[in-house]
Amino acid sequence: MATAILMAGLGSVPASAAQAIRVKSWGANDSGQLGDATTTDRHTPVTAAGVTAADVTAVSAGLAHSLALLANGTIEAWGDNAAGQLGDGTSGVGADKLTPGTVTGLLSVRSIAAGDFFSLARLGNGTVQAWGDNSNGQLGNGMVGGINPLPAPVTGLTGAVAVAAGQDFALALLSNGTVRAWGANNEGQLGSGAIGGSNPVPAPVVGPGGVGVLSNVKAIAAADDMGIALLNDGTVRTWGDNDFGQLGNSTVGGDFPTPVTVLGVGGVGVLNNVKAVAGGSNFAMALLNAGTVRTWGSNGSGQLGIGATGGNSATPVAVLGVGGVGVLSDVALIAAGDLHSIAYQTNGPVNTWGANGTGQLGDGSTTTRNTPVGIRTGILGVESIAGGSVFSIAA
């Protein structure tokens, strides 16, 4: 399954404390994606070896691999490397890395994104590098097929200010507020107005109804087979797969190859006052300016956080507070794994809910939760969180 990730917001930590904190991870570890030099699943957070949060500015998680962006503009990667997604020139059986190692040849990186079996890096000059699996053209190099275990430029892409990675497609937000997409398009996730095939070079996401191009975008996220765009006015547009109502437009089923508007709670009005978005396997999240969280789409594992498990919600719902009391508030960061959700409150803790079969909620159990549970991470002032397929990271 895919993993779709977005980090949102920033925390702060005193310089004296920053040196003592670490990158923490928890959940499945069969490919070494937790970075603790083992392949043992962890039901509570453990430390990724060799990287400190004082050095890390962002983390991202793929199906079973992890990325960390360092303050010096380089990337550390670890976990599954079957398709060369760690970017060190190796790939295949026996190429997994149980501890972080440096992605080859990249400097001046400003943001990162991990798809299922590929990775992206946005450089300071507005270009994008990609590496790993290219079976659907998700590396954006003009070709479809094969792998590339070393970073290489995405063709013709300049002016990028953000990147996002879905299952096997990618998005880039440009400085002019438009979005480019490339890779698989089997569910219309490229937002081109067409469904099917793939596109190995970046192309514009069209506007609603296929008119013009989508514009005035300030943030992006990608789910399995769905794109998400947060507009400057605080509203949200989505496109692609809608089998579970994950587009949030009050319908369930079908594919939407052009953007639609996410409606308000209960389908009333339009969702607004949004400041960050994230996408999971078949659901989505929005962080509001007020510090509360809205979710929509599949709820088969309780990932919507509404106190119930099962079914779908085709319009946004409010995430409840810990133990189902009130609503979750004072949230600074959100992230989504395949079937679980993560939120960090301004002064802690990290909260998680949803599927927990491999301990990806980090609460010491493998019990599914349909309301948030607060966990101890051993980190002060979390600045970035990410959800992998069945694991989680915080820095």
Side-chain angles (χ1 to χ4, degrees), residues 2-9 60-61 113 162 164-166 171 218-231 234-242 244-249 261-265 270-307 312-321 327-345 350-355 360-361 369-373 382 384-389 392-394:
T3 123
I5 319 96
L6 184 77
M7 292 74 64
S60 188
L171 302 174
K218 69 175 181 180
I220 53 175
D224 258 19
D225 299 311
M226 173 182 72
I228 309 171
L230 170 60
L231 303 194
T235 63
V236 180
R237 304 293 183 268
T238 55
W239 59 95
D241 181 24
N242 195 41
F244 298 86
Q246 61 263 49
L247 297 189
N249 68 342
T261 300
V262 175
L263 301 180
V265 172
V270 174
L271 185 67
N272 54 29
N273 296 313
V274 177
K275 70 175 181 179
V277 287
S281 179
N282 293 301
F283 75 104
M285 306 175 69
L287 173 60
L288 304 191
N289 289 322
T292 57
V293 181
R294 301 292 183 265
T295 55
W296 60 96
S298 174
N299 194 40
S301 297
Q303 60 265 49
L304 299 189
I306 57 175
N312 311 306
S313 180
T315 57
V317 292
V319 173
L320 300 179
V327 297
L328 190 64
S329 60
D330 198 29
V331 174
L333 307 168
I334 57 172
D338 260 16
L339 302 173
H340 73 288
S341 303
I342 312 169
Y344 175 70
Q345 292 174 295
V350 172
N351 296 272
T352 57
W353 61 96
Q360 60 263 48
L361 299 189
R369 310 287 184 179
N370 56 30
T371 58
V373 56
V382 171
S384 182
I385 55 177
S389 177
S392 308
I393 309 175

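- Every side-chain hydrogen bond (donor to acceptor under 3.5 Å, both in side chains) that N370 has, sequence neighbours left out, goes to T309.
- Residues L171 and A222 share a closest heavy-atom pair of CD1-CB, 4.3 Å.
- Rounding to the nearest 0.5 angstrom, the gap separating the OG1 atom in T295 from the CE atom in M285 is 7.0 Å.
- Counting only heavy atoms from C-beta outward, the side chains of N282 and M226 never approach each other to under 4.5 Å.
- Separating the CG atom in L263 from the CG atom in N272 is a distance of 11.5 Å, to the nearest 0.5 Å.
- Scanning for side chain to side chain contact (heavy atoms under 4.5 Å, CB included) contacts around N289 gives N273, K275, with sequence neighbours left out.
- When the side-chain hydrogen bond (donor to acceptor under 3.5 Å, both in side chains) test is applied to Q303, no partner is found at least two apart in sequence or on another chain.
- Side-chain contact check for V319 versus W353: some heavy-atom pair is nearer than 4.5 Å.
- When the side-chain hydrogen bond (donor to acceptor under 3.5 Å, both in side chains) test is applied to R294, the partners found at least two apart in sequence or on another chain are T292.
- Partners of N299 according to the side-chain hydrogen bond (donor to acceptor under 3.5 Å, both in side chains) rule, which considers only residues two or more places apart in sequence or in another chain, do not exist here.
- The shortest side-chain heavy-atom distance between T235 and V262 does not fall under the 4.5 Å cut-off.
- To the nearest 0.5 Å, atom CG of residue L333 and atom CD1 of residue I342 are 10.5 Å apart.
- Residues passing the side chain to side chain contact (heavy atoms under 4.5 Å, CB included) test with A355 are S301, L339, Q360, sequence neighbours excluded.
- With sequence neighbours left out, A314 forms a side chain to side chain contact (heavy atoms under 4.5 Å, CB included) with V252.
- In this structure, W296 and G245 approach most closely via the heavy-atom pair CD1-O, 3.8 Å.
- Atoms CG and CG, from N351 and D330 in turn, are 10.5 Å apart once rounded to the nearest 0.5 Å.
- A335 and A386 get closest at one heavy-atom pair: CB-CA, 3.8 Å.
- Heavy atoms only, all atoms of each residue included: A165 and A113 are closest at N-CB, 3.8 Å.
- In this structure, CG on L247 lies 11.0 Å from OG1 on T261, to the nearest 0.5 angstrom.
- Here the closest non-hydrogen pair linking A221 and A278 is CB-CA, 4.0 Å.
- The distance from atom OH of Y344 to atom CD1 of I334, rounded to the nearest 0.5 Å, is 15.5 Å.
- When the side chain to side chain contact (heavy atoms under 4.5 Å, CB included) test is applied to S313, the partners found at least two apart in sequence or on another chain are L304, T315, V317.
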